[in-house]
Amino acid sequence: MLNIILLGPPGAGKGTQAARLQAERGMIQLSTGDMLREARASGSPVGEKVKAIMDAGGLVSDDIVTALIGERLDSCADCGAIFDGFPRTRAQAKALDSLLSERGRRLDHVIELVVDEDALVARITGRFTCAKCGTGYHDSFRPTKVAGVCDVCGSTEFKRRPDDNEQTVRTRMAEYRAKTEPILPFYEGRGLVRRVNGMGSVDAVAAEIDAILDAIA
Ligand code: AP5
């Protein structure tokens, strides 16, 4: 039962690879971004609190995201976990250690998707998802097979994230550099960091990640 972190700036491909691993390996994708978007869509008190922060590209408080992850981690005791977008700060990294050890789990890999930030703006501003089943697409890199129709469920409704505009993306990248990148040494000291070239095709990135996971499976 592998527990892995996918780390990388906005648009690095964390969600794309986490969704694939969930489908192919029966692991659970724990995306704090998705959890926060669900909370804001539900209009819950947490959702109201985080809306403005997310739209500005800032980081939501450590307490909120740690509580969300803790709840979801218990949804499948026997599944490996893919942490997608968490941890993002040193405090979250420490909280994750506690959450895992309390459940008798251990962290196996921290997979850093190494990318060229300038190319990521194009990736993010072209991103859209199916409004019905959530499958992710990109205007240029991953279009639907039939224009305007979801490959998976046939829906013709799609949506784009409000924080996927260039200005907010730049803020999100600055947050990544200032608060998230500095947690890498915390994991490097424990020999957990594996680096993958995130600029390859989706399949090439997948192959690199699979090689890492299969090496100790
Ligand atoms: P979150 O939803 O986590 O966003 P993010 O980290 O900014 O990452 P993205 O979802 O934008 O990118 P990704 O790496 O998943 O890329 P994707 O696979 O979609 O967080 C959103 C907000 O929530 C944050 O700004 C913050 O406010 C808050 N938040 C979340 N977690 C938090 C936490 N722990 N603490 C505090 N606040 C938190 O790929 C992007 C596009 O590129 C897609 O269209 C895809 O099709 C395409 N693509 C993917 N891989 C490739 C490839 N290899 N080649 C070409 N195209 C590709």
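Excluded from the calculations below are hydrogen atoms, water molecules and symmetry mates; all remaining heavy atoms, backbone and side chain alike, are included. Atoms within a ligand are numbered from 1 in the order they appear, just like the ligands themselves. Since we're looking at a predicted model, the values are computed, not measured.
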Looking at ligand 1, does any of its N/O atoms fall within less than 3.5 Å of an N/O of T32?
yes

Can you pull out the closest protein heavy atom to atom 29 (N) of ligand 1? Residue, atom name and distance to 0.1 Å, please.
L36 CD1, 3.4 Å

Could you tell me whether S201 approaches ligand 1 through its side chain, its backbone, both or neither, with non-hydrogen atoms closer than 4.0 Å?
backbone

Would you please say whether a donor-acceptor pair under 3.5 Å links the side chains of Q167 and R170?
no

Just distances here: any N/O of A12 and N/O of ligand 1 closer than 3.5 Å?
yes

Does Q92, backbone or side chain, put an N or O under 3.5 Å from an N or O of ligand 1?
yes

Considering only NZ, NE, NH1 and NH2 on the basic side and carboxylate oxygens on the acidic side, decide whether D164 and R123 come within less than 4.0 Å.
no

Let me know which of L30, V110, T32 forms a side chain to side chain contact (heavy atoms under 4.5 Å, CB included) with F83.
L30

Which ligand 1 atoms are under 4.0 Å away from a heavy-atom of H138?
44 (O), 46 (O)

N/O of G58 under 3.5 Å from N/O of ligand 1, yes or no?
yes

Pick from K14, R88, M35, R40: the one approaching atom 3 (O) of ligand 1 most closely through a non-hydrogen atom:
R88

Given that the side chain starts at C-beta and the backbone is N, CA, C, O, which of these parts of V65 lies under 4.0 Å from ligand 1, counting heavy atoms, or is it both or neither?
side chain

Regarding H109 and R194, is there a side-chain donor-to-acceptor distance under 3.5 Å anywhere?
yes

Thinking salt bridges, do R127 and D139 make one under a 4.0 Å N-O criterion?
no

Would D151 and R142 pass as an ion pair if we require N to O under 4.0 Å?
no

Just wondering, are more than 12 heavy atoms of other shown residues or ligands nearer than 6.0 Å to CD in E24?
yes

Would you mind checking which non-hydrogen protein atom is closest to atom 16 (O) of ligand 1, with the distance to 0.1 Å?
G13 N, 3.2 Å

Best match, T16, T135, D139, T171: closest heavy atom to atom 45 (C) of ligand 1:
T16

Sidechain-backbone polar pair: Q92 side chain, R88 backbone, donor-acceptor under 3.5 Å:
yes

Run the salt-bridge test on K51 and D163 with the 4.0 Å N-O cut-off and return the result as yes or no.
no

Number the atoms of ligand 1 from 1 as they appear, then name those within less than 4.0 Å of a heavy atom of F141, with their elements.
55 (C), 56 (N)

Say whether Y137, considering both its backbone and side-chain N or O atoms, lies within less than 3.5 Å of an N or O atom on ligand 1.
yes

Under 2.5 Å between the sulfurs of C76 and C79, yes or no?
yes

Where is the nearest protein heavy atom to atom 19 (O) of ligand 1: which residue, which atom, and how far?
R127 NH1, 2.6 Å

Ligand 1 contact by G11, heavy-atom criterion under 4.0 angstrom
yes

Could you tell me whether E175 approaches ligand 1 through its side chain, its backbone, both or neither, with non-hydrogen atoms closer than 4.0 Å?
neither

Could you identify the single nearest non-hydrogen protein atom to atom 42 (O) of ligand 1 and state the distance to 0.1 Å?
R123 CD, 3.3 Å

Looking only at heavy atoms, is any part of V60 under 4.0 Å from ligand 1, and if so is it the side chain, the backbone, or both, or is it neither?
both

To check your reading of the model: name the closest protein heavy atom to atom 25 (O) of ligand 1, its residue, and the distance in Å.
R172 CG, 3.7 Å

Mind checking whether F128 contacts ligand 1 via backbone (N, CA, C, O), side chain (CB onward), both or neither, at a 4.0 Å heavy-atom cut-off?
neither

In terms of residue, atom name and distance, what is the protein heavy atom nearest to atom 22 (C) of ligand 1?
M54 CE, 3.9 Å

Give the contacting part of R161 toward ligand 1: side chain, backbone, both or neither, where contact means a heavy-atom distance below 4.0 Å.
side chain

I'd like to know if E38 and R72 make a salt bridge, using a cut-off of under 4.0 Å between side-chain N and carboxylate O.
yes

Under-4.0 Å salt bridge between D210 and R25
yes

Does R195 pair with E208 as a salt bridge, N-O distance under 4.0 Å?
no

Identify whether the distance between the nearest side-chain nitrogen and carboxylate oxygen of R106 and D108 falls below 4.0 Å.
yes

Give me the one residue out of I5, V65, L7 that meets side chain to side chain contact (heavy atoms under 4.5 Å, CB included) with F86.
V65

Backbone, side chain, both or neither: what part of R37 comes under 4.0 angstrom of ligand 1, heavy atoms only?
side chain

Is the closest N or O pair between G15 and ligand 1 shorter than 3.5 Å?
yes

Under 3.5 Å between any N/O of G85 and any N/O of ligand 1: does that happen in this structure?
yes

Among all protein heavy atoms, pick out the one at the shortest distance from atom 53 (N) of ligand 1; state its residue, atom name and that distance to 0.1 Å.
G200 O, 2.9 Å

